[in-house]
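Single-structure report; data block below.
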Amino acid sequence: MMSQEQNDLITRTGPKDPCGKLMRSYWQPAALVDELEGARPIRAVKLLGENLVLFRDESGRYGLIDRHCAHRGADLAFGRLEHGGLRCAFHGWLFDATGQCIETPAEPKDSKLCQNIRQRSYPVVEKSGILWAYLGEGEPPAFPELDCFVAPGTHTFAFKGHMACNWLQALEVGIDPAHASYLHRFFEDEDTSTAYGKQFRGASAGSDLPMTKILREYDRPIINVEHTEYGLRLIALREIDEERTHVRVTNQLFPHGFVIPMSTEMTITQWHVPVDDENCYWYAIFTSYTNPVDKQKMRDQRLELYELPDYKSRKNSGNDYGFDPHEQATATYTGMGTDINVHDQWAVESMGAIQDRTKEHLGSSDKAIVQYRRLLRQEIEKVGGGEKPMLFLDESRARSIQGPATMDGIGPTQGWELYWMEVDVKRRRGAPWAAPVPKEIADNVHRLTAAE
């Protein structure tokens, strides 16, 4: 358990909050590129508690500025895109992508008022289907060489979804290997050949065993947590028998992301981004190491649950997440359907808008969560002391963070430590794009394989 003060420290992300200052040290997903498609590329955005408007001008340049006009506070999300910027519909004041006011048409013709007017603005870059914003001070960091940023656009797909809760509890479900055996339990196994685009529904690498069967029947994983340059590596072991062990390798990507295997051919890199202290969006990039991603199929699958334009779930607290007691008795552990996003959403939203951690009791299966919270507090302190936090990279160090490696497969009970690395490296070296092999993994596989 922790005190209320400690809980506030690691959950609240406003401009003046210590954790908010940490979050502003990193690029943050602000919107999907898809959200600015169409005839009127303007989108209201709330990010880290700040009300902003995102737009693309006529030359294709992105702007992210304060939502309320510097004149008298009207809502620029209803503005007009014209003459190189976003024009307020109240008095016609025009702002470019940097926030500079370039016209005040209601003023006298010789007025120079606009020269001294600037909306607060933040830089925006497009990367792997997501528009990223930097809300911090000074020069923004470089992007690490993650697989989802290195892969070509044909082999990535980006999507997002809303959760009505604090970002931290939403993130923590993704670094909890034990929950999948319960929250995502299916009582019957499906045909794994139809699992494309669905997590935990395919066969585990190196076998024909469905993941649903493994999670259901081997529900007491041994969890190892390793500290890395990018955050944490989590290894969950489920012993099948004396010869075989299921190995699942996932990663916590600091500050609020994780990288997990979706299937033998695809990974998910996902961030839980604070809208404010009581709402967040998850942004995910799905990366394929084999064939190009079937983006239309992936999008259609997800739009069965999420409604546009706000990417909110059709199943939510208002309709009990689709809960069916008969289904809970006969088909799924939750009785909330087969989409695991709904399961996760119920789990984290049911904790309350901000989980009260003064009342929780953690066990040994929560070791990754304990380690992450310590890491989070450590990095908050560093930023408070004027230091740069982990994964704040300059261009010269960006390539030092690669991958990271993930794996989901059945290997030898004796020797699983090398097995998962070999599987990951083999997949990377066989990819049709230049998937980087993290140095520590490559060195270990090369040395140990040669010794054999």
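The distance between the ring centers of Phe258 and His272 falls below 6.0 angstrom. A centroid separation of less than 6.0 Å is found between the aromatic rings of Phe159 and Tyr311. Between Trp346 and Tyr333, the ring centre distance reaches or exceeds 6.0 Å. You'll find the ring centres of Tyr281 and Trp167 outside the 6.0 Å limit.
Between the side chains of Thr11 and Arg357, no donor-acceptor pair is found at a separation under 3.5 Å.
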Could you go step by step and tell me if Leu305 and Lys315 meet the side chain to side chain contact (heavy atoms under 4.5 Å, CB included) rule? CA-CA 7 Å; Leu305 176 62; Lys315 292 186 176 183; 4.2 Å; yes
Given the rule in the salt bridge (charged side-chain N to carboxylate O under 4.0 Å, His left out) test, do Glu440 and Arg233 qualify, once you have shown the distances and angles that lead to the verdict? CA-CA 13 Å; Glu440 60 166 325; Arg233 178 182 296 124; 2.9 Å; yes
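Ring geometry, Phe95 versus Trp93: the interplanar angle falls from 30° to 60°, so the pair is classed tilted.
Residues satisfying the side-chain hydrogen bond (donor to acceptor under 3.5 Å, both in side chains) criterion with Arg24, sequence neighbours excluded, are Glu50. With sequence neighbours excluded, the residues that form a ring pair (Phe, Tyr, Trp, His ring centres under 6.0 Å) with Phe149 are Trp132, Phe143. Here Arg61 pairs with Asp57 under the salt bridge (Lys or Arg N to Asp or Glu O under 4.0 Å) rule; sequence neighbours left out. Residues that satisfy the side-chain hydrogen bond (donor to acceptor under 3.5 Å, both in side chains) test with Arg377, not counting sequence neighbours, are absent from this structure. Scanning for ring pair (Phe, Tyr, Trp, His ring centres under 6.0 Å) contacts around Tyr283 gives an empty result, with sequence neighbours left out. Partners of Phe55 according to the ring pair (Phe, Tyr, Trp, His ring centres under 6.0 Å) rule, which considers only residues two or more places apart in sequence or in another chain, do not exist here.
Cation-pi geometry between Arg248 and Tyr218 is not met: the NZ or CZ atom fails to fall both under 6.0 Å from the ring centre and inside 45° of the normal.
A salt bridge does not link Lys160 with Asp310: none of the charged nitrogens is closer than 4.0 Å to a carboxylate oxygen. Salt bridge present: Asp424 and Arg427 bring a charged side-chain N and a carboxylate O closer than 4.0 Å.
Atom CZ of Arg399 is surrounded by 12 or fewer heavy atoms from other residues, nucleotides or ligands within 6.0 Å. Summarising the local packing, NZ of Lys382 is surrounded by more than 12 heavy atoms from other residues, nucleotides or ligands at distances under 6.0 Å.
Checked by atom type and distance alone, the side chain of Asp320 never pairs as donor or acceptor with a backbone atom of Gly322 at under 3.5 Å.
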